[in-house]
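What follows is one structure encoded as structure tokens, with my remarks underneath.
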Number of protein chains: 2
Amino acid sequence: MNEGLPRISGPPTLEDVAWTAGVSRATVSRVINGIRNVDLEIQERVKQAIVLTGYVPNQAARSLVTRRTGAIALIVSGAGGGEDDSFPHRVFADPFFGRVVGGVVGFLRPLGIYPTLVFADTPQSRDQVIGYLRQGNADGAVLVSIGTEDTLPKLLADTSLPAVLFARPARPIPITYVDVAHRTGGKLAADHLFARGCRRLATISGPLDVPAAQDRLAGFQDAMAVHGHPYLPCAEGNFTLSSGEVAMERLLAEHPDIDGVFAANDLMAQGALLVLRQHGRRVPGDVAVVGFDDSSAALACRPSLTTVRHPVEDMAAEMGRLLLTHIERPDQPVTSRIFEPTLVIRESA
Amino acid sequence: MNEGLPRISGPPTLEDVAWTAGVSRATVSRVINGIRNVDLEIQERVKQAIVLTGYVPNQAARSLVTRRTGAIALIVSGAGGGEDDSFPHRVFADPFFGRVVGGVVGFLRPLGIYPTLVFADTPQSRDQVIGYLRQGNADGAVLVSIGTEDTLPKLLADTSLPAVLFARPARPIPITYVDVAHRTGGKLAADHLFARGCRRLATISGPLDVPAAQDRLAGFQDAMAVHGHPYLPCAEGNFTLSSGEVAMERLLAEHPDIDGVFAANDLMAQGALLVLRQHGRRVPGDVAVVGFDDSSAALACRPSLTTVRHPVEDMAAEMGRLLLTHIERPDQPVTSRIFEPTLVIRESA
DNA sequence: CTGAAAGCGCTAACAC
DNA sequence: GTGTTAGCGCTTTCAG
């Protein structure tokens, strides 16, 4: 072990370690990459040399030859036609995205891999993203896309880069995704409201061009039809708190005798709660309210919100798992996974 | 221009482009990197060849020689001793982090650079992160750290990797940071409450080991002292909604005649609002409430929250700008920047 | 103004 | 088992 000899300059390289340990680069490489067939004594010597030199492998050099970066992209893609510049600022206003990001990060972190956070809302930024990916900056991507007009899932699928979507794409494309059984969720809400005696129900839906919103509504309506209530007032919102307020106002104006409301997400339910209180309705006494998601908003509500749990963190973790599988075996067929929602009963219904 | 010739395999390389354009690799490289001294006609030929071949530069190869990755890390670091595994899930519960991330992403995106999202809460994960950085996975890092016991800022400073902090570190270390003038913010709140006639004030502070919380409190107290009220009831919270509720309950129990409250962030102010309503106090009629941050929570409150604006997005963007400067000139001295808060008047005060 | 050639640090055949 | 060697794709002197 050629200990005290002077090194040239810059950070230590494999060569330095090899020289220090008195072996070849290849052997050091083997030890580092955990390949067997290396004498135990030599392994020890190499390990010492690594510590001695303070060596860390250079990722760029490694990537160049392995054609793997060890990085994955986490893309948040909006439908935006490029109106304004506030997209990154708006995204996290909905607790939903924080949960996705948290779930992905939480899963990847123990593996020592950190996602690259990519936002794409304009057509221009979508191209930029594809370019970025084609430069080989990531081995794959998980994508959460909002709005139905988003072309990125398609573009991504065309790159033949491993990718996994959050939520089934509006138009069918051959790509792996994770989703929750939205219809079941709607049914859960309907059954609960019906069981607690509500008979004059209404619903605040999400934007009806979004599959998830359609399905939540359909699940709710179908279940209520089974209970003998085929026609229900419905106001369309856009998943924001204020749209929930507007919708609730309308519903209340048109149907003052409402005794139960299902909102397609917690934020809109929160808005509904505020409006109901303003109108002097007691919740759940006069009107019962059920939300969807079980986001942090559900707990911030007063009364706290009974809601359908969307297991976003688990789903995000599964996205990560599926992506890693795809990267491992790029030829594997696309396989999606649907999670089951559950009802979380709190004070509002 | 050797058009129709068969290429070998894999994605196109510089070599392919050079061959197609009938020039050397070096020339193509020059064109791509925008180096002058290239004949205009040849430039054109090369550009055509690039389109023809569908060439994109390989980032790994580039990094290997330039020693630049073009990537930067966005680190969220908690004080955590490693209790549980929910850190990534918890982080985004506070709208604050979403704003930081949004600000950083918004600034970097037009530059075609996407941050790597790194969470570090346990001592173990901190080491992992340092290792990751030392592998040359990023040219620099922006760090938002919570809690005073966090050792990462120090570790980072020791790496001599360019870095910028969000908020002044608890213990002074030689590192660039951005911050807001917390004391001024506290003063803004005090002056406003005093001006609207409140004379029996109380405050809900953040965790008092956090410099920002100390400063907001001190600014508030100092200003009130100037107005002739040197002693004010204070309850300590931890920046969460429920801690705001608890604090407000306590304050109300001990000082039932309170007519004004300053909470050190919006989430706690929101909690205070809920408790006040529960106790039948009208806001702002009976009790005026001022928050801090101007986060999304401020708008979700009813009544909407008068608050001190913390220009988080701008500050995050500035972090990005400062970091890029540091990367450009690593020898440059550390230079921090303090932003001024402003008062946003809404309904609650 | 352009080309030739020397690596950047590492892995992976392939010999020994 | 271990060493030798040939690149991975690119930038960058250095000649011409």
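Reminder, nothing fancy here: chain letters follow the sequence lines and each chain counts from 1. The figures here come from the full heavy-atom set of this structure, side chains too, leaving out hydrogens, waters and symmetry mates.
At whole-Å resolution of the value, CZ in A/R68 and C1' in C/dT11 are 14 Å apart. In this structure, A/I35 atom CD1 and C/dC10 atom C1' are separated by 12 Å, rounded to whole Å. Whole-Å rounding puts the A/W19 CH2 to C/dC10 C1' distance at 20 Å. To the nearest angstrom, C1' of C/dA12 lies 15 Å from CD1 of A/I32. For the pair A/Q59 CD and C/dC8 C1', the computed distance is 15 Å after rounding to whole Å. The nearest whole Å value for the distance from the CZ atom in A/R62 to the P atom in C/dC10 is 8 Å.
Side chain of A/Q59 to backbone of A/T69: a donor-acceptor contact under 3.5 angstrom is found. Formation of a donor-acceptor pair under 3.5 Å by the A/D139 side chain with backbone atoms of A/G70 is found in this model. Judged purely by atom type and a 3.5 angstrom limit, B/Q43 uses its side chain to pair as donor or acceptor with the backbone of B/V38. Between the A/R45 side chain and the A/A21 main chain, a donor and an acceptor come within less than 3.5 Å of each other. Although no hydrogens or angles enter the test, the distance criterion places a donor-acceptor pair under 3.5 Å between the side chain of A/D39 and the main chain of A/E41.
Side-chain contact check for A/D16 and A/T53: no donor-acceptor pair (N or O, by modelled atom type) lies under 3.5 Å.
Applying the 4.0 Å criterion to OP1 and OP2 of C/dT11, one finds that A/N33 has a side-chain N or O inside that range.
Taking the side chain as every heavy atom from C-beta outward, B/V164 and B/I175 never approach each other to under 4.5 Å.
Contacts between residues 128-138 of chain B and DNA chain C, counted as heavy-atom distances below 4.0 Å, involve no residue at all.
Between A/D121 and B/R109, at least one side-chain N (NZ, or NE/NH1/NH2) sits under 4.0 Å from a carboxylate O, which counts as a salt bridge. Note on A/R337 versus A/D179: no salt bridge recorded, every NZ/NE/NH1/NH2 to OD/OE distance being 4.0 Å or above.
For the side-chain hydrogen bond (donor to acceptor under 3.5 Å, both in side chains) condition, the pairs that include at least one residue of residues 152-161 of chain A, sequence neighbours left out, are A/K154-A/D158.
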Just the table, please: protein N/O against nucleotides 2-6 of chain C N/O, every pair under 3.5 Å.
| from | atom 1 | to | atom 2 | distance (Å) |
| --- | --- | --- | --- | --- |
| C/dT2 | OP2 | B/D39 | N | 2.5 |
| C/dG3 | OP2 | B/S24 | N | 3.1 |
| C/dG3 | OP2 | B/S24 | OG | 3.2 |
| C/dG3 | OP2 | B/T27 | OG1 | 2.6 |
| C/dG3 | N7 | B/R30 | NH1 | 3.4 |
| C/dG3 | O6 | B/R30 | NH2 | 2.4 |
| C/dA6 | N6 | B/R25 | NH2 | 3.3 |

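Between A/A73 and A/A138, the shortest heavy-atom contact is N-CB, 3.8 Å.
An end-to-end axis angle of 40° holds for the helix from C/dC1-D/dG16 to C/dC16-D/dG1, taken from five base pairs per end and rounded to 10°.
Listed by chain and number, the residues in a salt bridge (charged side-chain N to carboxylate O under 4.0 Å, His left out) with B/R67 amount to none (sequence neighbours excluded).
Here the side chain of A/L14 is nearest to one of C/dC8, C/dG9, C/dT11, namely C/dT11.
Here chain A contacts DNA chain D (any atom closer than 4.0 Å to a heavy atom, that is under 4.0 Å), and the contacts span D/dG1 to D/dG9 from 5' to 3'.
Of the residues listed (A/V101, A/V105, A/V100), the one engaging B/F92 in a side chain to side chain contact (heavy atoms under 4.5 Å, CB included) is A/V101, and it is the only one.
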